[in-house]
Amino acid sequence: MRDKQSKDKRVLYTGEGKAVEQLLIIFTINIVYVSFFTIRMIMVMKGQKLLASLISTIEVFIYLMGLSLVLDSLDNPFNLAAYCIGWGTGVYMGSKIEELLALGYVTVQIVLDSEHNDISRVLREKGYGVTSWEANGKDGQRVVMNVLAKRRNEKKLYDTIKELAPKAFVISYEPKFFHGGFWTKRITK
């Protein structure tokens with residue numbers, strides 16, 4: 001009798017172990033799939049069509065593996081929950097990967113009081129592309145600057161601006177097209 005109970009416990013444990021293992025597999029597959037999805041979308045937006053195509057091949061393979069596991073046991077709400085939680089975690093992980101990759105460039109427009117004219121010189125010395133001009137604002141003369149920087153240097157640029165002109169009005173956007181200027185020679189390398 002005791003041997004039979006031990007055997008039943010082992011079977012139960014093995015069954016539960018496999019169920020937990022399947023949940024973890026579904027969860028992990030979705031994290032990887034959605035992270036690949038995010039990276040692929042970034043590559044498409046950056047014009048990297050060939051790389052995006054290669055990534056999508058891997059992405060769809062991973063997706064189909066995870067989906068088949070869930071569809072094989074739709075009656076198990078834990079599998080569905082693992083799928084959904086994995087998806088959400090994948091979105092988060094994909095966005096963190098995108099931050100780490102920091103592909104591309106950012107253009108930062110800075111508007112500040114005209115007495116901060118030396119900021120453009122300092123930014124140029126730090127290697128940023130700066131175009132500046134005088135403008136009229138609500139409260140008088142202003143200096144406006146467009147600064148081009150690699151996205152991976154974006155935080156350093158913001159820190160420098162905050163240090164030199166803490167009251168500056170700053171707007172940033174991602175340029176899609178480059179033509180002319182000294183930066184285009186750097187970008188093509």
Side-chain angles (χ1 to χ4, degrees), residues 27 30-60 62-63 84-189:
F27 175 76
N30 248 6
I31 290 173
V32 173
Y33 159 65
V34 176
S35 296
F36 269 90
F37 174 83
T38 304
I39 293 167
R40 177 181 54 89
M41 291 304 297
I42 292 165
M43 294 301 133
V44 167
M45 292 186 320
K46 300 285 183 192
Q48 301 287 328
K49 296 172 190 167
L50 181 61
L51 184 56
S53 298
L54 294 172
I55 290 171
S56 71
T57 303
I58 298 166
E59 172 196 339
V60 77
I62 294 167
Y63 170 73
C84 295
I85 294 168
W87 184 282
T89 306
V91 169
Y92 178 79
M93 294 299 293
S95 66
K96 292 310 258 181
I97 291 168
E98 192 279 333
E99 283 177 21
L100 291 172
L101 291 175
L103 299 173
Y105 293 84
V106 63
T107 299
V108 177
Q109 187 173 73
I110 308 164
V111 180
L112 38 85
D113 293 335
S114 58
E115 69 235 19
H116 290 95
N117 252 346
D118 61 330
I119 291 177
S120 59
R121 179 189 51 78
V122 173
L123 293 175
R124 285 184 188 109
E125 287 171 0
K126 291 182 178 261
Y128 298 107
V130 180
T131 301
S132 61
W133 62 93
E134 290 185 14
N136 293 312
K138 179 181 146 271
D139 296 325
Q141 288 292 103
R142 299 282 181 249
V143 173
V144 179
M145 289 179 255
N146 274 351
V147 182
L148 184 65
K150 290 183 178 181
R151 276 201 51 229
R152 69 173 157 258
N153 296 329
E154 188 174 7
K155 183 167 177 1
K156 288 181 201 173
L157 174 58
Y158 293 147
D159 290 344
T160 302
I161 294 167
K162 285 178 188 174
E163 178 185 316
L164 297 172
K167 293 184 179 183
F169 177 67
V170 180
I171 303 170
S172 69
Y173 54 94
E174 188 172 338
K176 300 288 182 199
F177 175 75
F178 296 93
H179 177 76
F182 83 96
W183 262 93
T184 56
K185 292 176 186 124
R186 289 185 185 184
I187 292 170
T188 56
K189 291 180 182 177

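In this chain, residues are counted from 1 in sequence order.
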For this session: Would you sort out whether R151 and E98 count as a side-chain contact (heavy atoms from CB on, under 4.5 Å), showing the intermediate values?
Result: CA-CA 11 Å; R151 276 201 51 229; E98 192 279 333; 2.6 Å; yes
For this session: Locate the shortest heavy-atom distance separating R124 from V130; write the atom from each residue and the value.
Result: NH2-O, 3.0 Å
For this session: Might you point out which heavy atoms bring A52 and V44 nearest each other, and give the distance in Å?
Result: CB-CG2, 3.6 Å
Exercise. Just how far is it from atom CD1 of I42 to atom CD1 of I55, taken to the nearest 0.5 Å?
Worked result: 9.0 Å
For this session: Please lay out, stage by stage, how S56 and M43 fare under the test side-chain contact (heavy atoms from CB on, under 4.5 Å).
Result: CA-CA 10 Å; S56 71; M43 294 301 133; over 6 Å; no
Problem set entry | Atom pair CG/CG of L123 and L148 - distance to nearest 0.5 Å | 12.0 Å
Seminar exercise, completed: Heavy atoms of D139 and R142 approach each other most closely as CB-NH2, 3.2 Å
Exercise. Can you name the residues that form a salt bridge (Lys or Arg N to Asp or Glu O under 4.0 Å) with K46, not counting sequence neighbours?
Worked result: E174
Exercise. Under the side chain to side chain contact (heavy atoms under 4.5 Å, CB included) test, which residues partner M93, sequence neighbours left out?
Worked result: I31, S35, T89
Seminar exercise, completed: Sorted by chain and residue number, the salt bridge (Lys or Arg N to Asp or Glu O under 4.0 Å) partners of K162 (sequence neighbours excluded) come out as none
For this session: Of all the heavy-atom pairs spanning G86 and N30, show the shortest one and how long it is.
Result: C-CB, 3.6 Å
Exercise. Are more than 12 heavy atoms from other residues, nucleotides or ligands located less than 6.0 Å from atom CZ of F27?
Worked result: yes
Exercise. How long is the gap from CZ on R152 to CG on L101, to the nearest 0.5 Å?
Worked result: 10.5 Å
Problem set entry | Residue from L54, V60, I62 passing side chain to side chain contact (heavy atoms under 4.5 Å, CB included) with I58 | I62
Seminar exercise, completed: By ring pair (Phe, Tyr, Trp, His ring centres under 6.0 Å), Y63 pairs with (sequence neighbours left out) Y33
Seminar exercise, completed: Output for pair (Y92 OH, T38 OG1), nearest 0.5 Å, gives 13.0 Å
Problem set entry | Those residues that, when tested against Q48, pass side chain to side chain donor-acceptor pair (under 3.5 Å) (two or more places apart) | none
Exercise. At their closest point, which heavy atom of V34 faces which heavy atom of G90, and how far apart are they?
Worked result: CG1-C, 3.5 Å
For this session: Please round to the nearest 0.5 Å and tell me the distance separating atom CZ of F169 and atom CD1 of I161.
Result: 12.0 Å
For this session: For side-chain contact (heavy atoms from CB on, under 4.5 Å), just list the numbers for Y158 and E154, CA-CA rounded to whole Å, side-chain angles, deciding distance to a tenth of an Å, and then say yes or no.
Result: CA-CA 6 Å; Y158 293 147; E154 188 174 7; 2.7 Å; yes
Exercise. Going through the distances and angles, do N136 and Q141 end up as a side-chain contact (heavy atoms from CB on, under 4.5 Å)?
Worked result: CA-CA 5 Å; N136 293 312; Q141 288 292 103; 2.3 Å; yes
Exercise. Under the salt bridge (Lys or Arg N to Asp or Glu O under 4.0 Å) test, which residues partner K155, sequence neighbours left out?
Worked result: D159
For this session: State the CG-NZ distance between D113 and K167, to the nearest 0.5 angstrom.
Result: 8.5 Å
